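Here is the structure we will look at.
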Amino acid sequence: MRYIDLRSDTVTHPTLEMREAMSKALVGDDVFSDDPTMNEFEELVAKTLGKEAGVFVPSGTFSNQLALFTHCQKGDEVIVDQGAHIVQHESGASAVIAGVQLFTLDSNFGIWDINKLLNTVKQRTISTTRTKLVCIENSYNGRVLPLDYMEKVYNASKSKGLAVHLDGARIFNAATALHCDVKEIAKYADSVSVCLSKALAAPIGTVLVGSKSFIDEARFKRKIMGGGMRQVGILAAAGKIAIETMSKRLSVDHENARYMESLLKTIPGIIIDERQRDINMVFFDIDDERKYNLDTFLFEKGVKILPYEGAFRFVTHKDVNREDISQAIKLVSDYFS
Ligand SMILES: *Cc1c(COP(=O)(O)O)cnc(C)c1O
């Protein structure tokens, strides 16, 4: 049975073009820097984001944690949004790998009060550890942070001598929504993490980019984390198509999400979250006790969604088309009527 899968854009399958490129990729031992396809690919991603160098890692979590591990010394403080992936969805890794202290700031859906950010920064004293790094996320859930805000965070961080890491897992979605080049977003960070395996449809992988010296150190730390991999050209071949081709079609997913939203709006009692409607996601709620069983009902009808968790999040991607969306939302409508 083919399911209509609205749980995430991580469920996308690699394209036929990717599978063909993977089968033909030249490979070598990447721990010896001998994989020509990977070498070329890391350079491509760095260049695309306007940075000097890049390093390929297995996942977005690996990449963010490698960034913390490379920017910081053990015991340093990292400022991060309280809703950020780094603190919410990375299995407590920052305490285990980098051994840093996360200081979480609350925000207005990803937007900090800059004075509050500045006042959070600490110097090392007998009782406080130094703040070393500021982490931002764009897109932030379903919201895209504007460039002038990114600039403010970057300048505030630099005024305090801090490094900035951008979790740009969906930076191409953000750039699509902002109608700008990804470089325009990436320039407000020292390091950027870019996922290939979400809407861009590569099977595996994330690239961390930054300055040459930062990436040299990250490559060493990646090996510590067990991320030194061998014939990775196979994955780089898919990644190249993700970056060069798949990044150009994301507006389709965004438009499909707005289409889905327009269908959901016809269901009585549904409340669309207006704060996070910039990319390929629809967040919504409904004041109806039956919502707790919607996932079970839809699953039996061939639609996969994540269970209700304070809200619903439905995600569009290349493996669902408008017909699938109409069909899925019709089932939601039937369920609540
Ligand atoms: C998906 C995602 C990640 C990384 O997730 P992995 O599943 O580890 O690849 C990191 N940050 C954000 C904002 C994400 O959406």
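Only a predicted model underlies this, so the values are computations on that prediction, with no experimental measurement involved. Residues take their numbers from the sequence shown, with the count starting at 1. Below, each value reflects all heavy atoms present in this structure, side chains not excepted, and no hydrogens, waters or symmetry copies. Counting convention: from 1, in listed order, for ligands and their atoms alike.
- Taking the charged nitrogens against the carboxylate oxygens, R170 and D9 do have a contact shorter than 4.0 Å, which makes a salt bridge.
- By the 4.0 Å N-to-carboxylate-O rule, R130 lies close enough to D76 to be salt-bridged with it.
- One finds a salt bridge joining R277 and E261 here, because a Lys/Arg side-chain nitrogen approaches an Asp/Glu carboxylate oxygen to under 4.0 Å.
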Give every pair made of an N or O atom of ligand 1 and a protein N or O atom lying under 3.5 Å apart, one pair per line with both atom names and the distance to 0.1 Å, or write 'none'.
unit_1: ligand 1; atom_1: 8 (O); unit_2: G60; atom_2: N; d: 3.4
unit_1: ligand 1; atom_1: 8 (O); unit_2: T61; atom_2: N; d: 2.8
unit_1: ligand 1; atom_1: 8 (O); unit_2: T61; atom_2: OG1; d: 2.6
unit_1: ligand 1; atom_1: 9 (O); unit_2: G60; atom_2: N; d: 2.8
unit_1: ligand 1; atom_1: 11 (N); unit_2: D167; atom_2: OD1; d: 3.1
unit_1: ligand 1; atom_1: 11 (N); unit_2: D167; atom_2: OD2; d: 2.6
unit_1: ligand 1; atom_1: 15 (O); unit_2: R170; atom_2: NH1; d: 3.1
unit_1: ligand 1; atom_1: 15 (O); unit_2: K198; atom_2: NZ; d: 2.6

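- R7 pairs by the salt bridge (charged side-chain N to carboxylate O under 4.0 Å, His left out) definition with D5, not counting sequence neighbours.
- A salt bridge links D190 with K158; the closest basic N to acidic carboxylate O contact falls under 4.0 Å.
- Between K291 and D287 there is no salt bridge, since no side-chain N of the basic residue sits under 4.0 Å from a carboxylate O of the acidic one.
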